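This structure is a prediction, so every number in the text was calculated from the model and none was measured.
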Amino acid sequence: MNRYEVEGIAHDATLGRDILIVGMSHSWRETLDELAQALGTALATITRDNGNMRITTKTGGSIKFASGTPTSMRGRSADIVYIGDLVHLGDEALRVIAARTAGEIIGS
């Protein structure tokens, strides 16, 4: 993930938006650390247990991670879905943002 993506995702999370990062499982830990650093004082918690990695912000925003399979998207909801590593999700990504008034899907 490049610095523009990191800064943009961190900025949206500080605005209280929920973000789901899909794919990129080979570099999640590195990405998590980069996002935590970019959030600075807005960072509230980091969760790293059993493959469930998540960042929450003091403003109520969150950054969560999911594998690139369609089943990993089931039951999730987000304002922004960031799709990395040439993941093809089709309708599953649309279902994640369906309940949000201003949902976005962003690809790397």
Side-chain angles (χ1 to χ4, degrees):
M1 185 176 286
N2 68 48
R3 69 183 176 101
Y4 299 106
E5 293 164 324
V6 168
E7 291 295 326
I9 289 170
H11 175 74
D12 283 339
T14 62
L15 296 177
R17 300 187 84 186
D18 295 321
I19 301 155
L20 179 63
I21 298 176
V22 180
M24 303 173 49
S25 60
H26 65 279
S27 61
W28 278 354
R29 290 195 183 280
E30 180 181 321
T31 301
L32 186 86
D33 292 339
E34 290 173 355
L35 288 165
Q37 184 177 6
L39 285 165
T41 59
L43 177 66
T45 61
I46 298 175
T47 303
R48 298 177 191 194
D49 62 350
N50 298 330
N52 181 22
M53 297 173 50
R54 180 178 67 199
I55 294 175
T56 56
T57 66
K58 293 178 181 174
T59 57
S62 68
I63 303 169
K64 299 174 187 170
F65 297 79
S67 68
T69 64
T71 56
S72 71
M73 306 285 286
R74 289 193 184 134
R76 295 185 183 252
S77 178
D79 297 305
I80 299 170
V81 176
Y82 174 86
I83 301 173
D85 284 1
L86 303 174
V87 175
H88 177 70
L89 294 173
D91 293 341
E92 291 299 323
L94 294 175
R95 288 186 192 107
V96 171
I97 64 167
R100 305 297 173 119
T101 57
E104 299 177 60
I105 297 174
I106 301 169
S108 63

Side-chain contact test, heavy atoms from C-beta onward, threshold under 4.5 Å: evaluate it for Thr57 versus Leu43 and give yes or no. no
Backbone N/O of Asn2 and side chain of Glu5: donor-acceptor pair under 3.5 Å: yes
Using only heavy-atom distances, determine whether the side chains of Thr14 and Thr59 contain a donor-acceptor pair under 3.5 Å. no
Worked verdict on Ile80 versus Asp18 for side-chain contact (heavy atoms from CB on, under 4.5 Å): CA-CA 7 Å; Ile80 299 170; Asp18 295 321; over 6 Å; no
Minimum side-chain heavy-atom gap Ile55-Thr45 below 4.5 Å: no
Validation row: Arg29, Met53 side chains within 4.5 angstrom (heavy atoms): yes
Within-4.5 Å side-chain heavy-atom neighbours: Leu20 and Tyr82: no
Which residue pairs pass the salt bridge (charged side-chain N to carboxylate O under 4.0 Å, His left out) test with at least one member in residues 37-62, sequence neighbours excluded? Asp33-Arg48
Ile9 CD1 to Glu34 CD distance, which is reported to the nearest 0.5 Å: 10.5 Å
For Leu39 versus Ala10, what's the shortest heavy-atom pair and its separation? CD2-O, 3.5 Å
Is there side-chain contact between Thr31 and Phe65, with heavy atoms separated by less than 4.5 Å? yes
Give me the atom names and distance for the closest heavy-atom approach of Ser67 to Val22. O-CG1, 3.3 Å
The test is side-chain contact (heavy atoms from CB on, under 4.5 Å); show your working for Thr56 and Thr47 and say whether it passes. CA-CA 9 Å; Thr56 56; Thr47 303; over 6 Å; no
Could you please spell out the steps behind the side-chain contact (heavy atoms from CB on, under 4.5 Å) verdict for Asp12 and Ile19? CA-CA 8 Å; Asp12 283 339; Ile19 301 155; 3.8 Å; yes
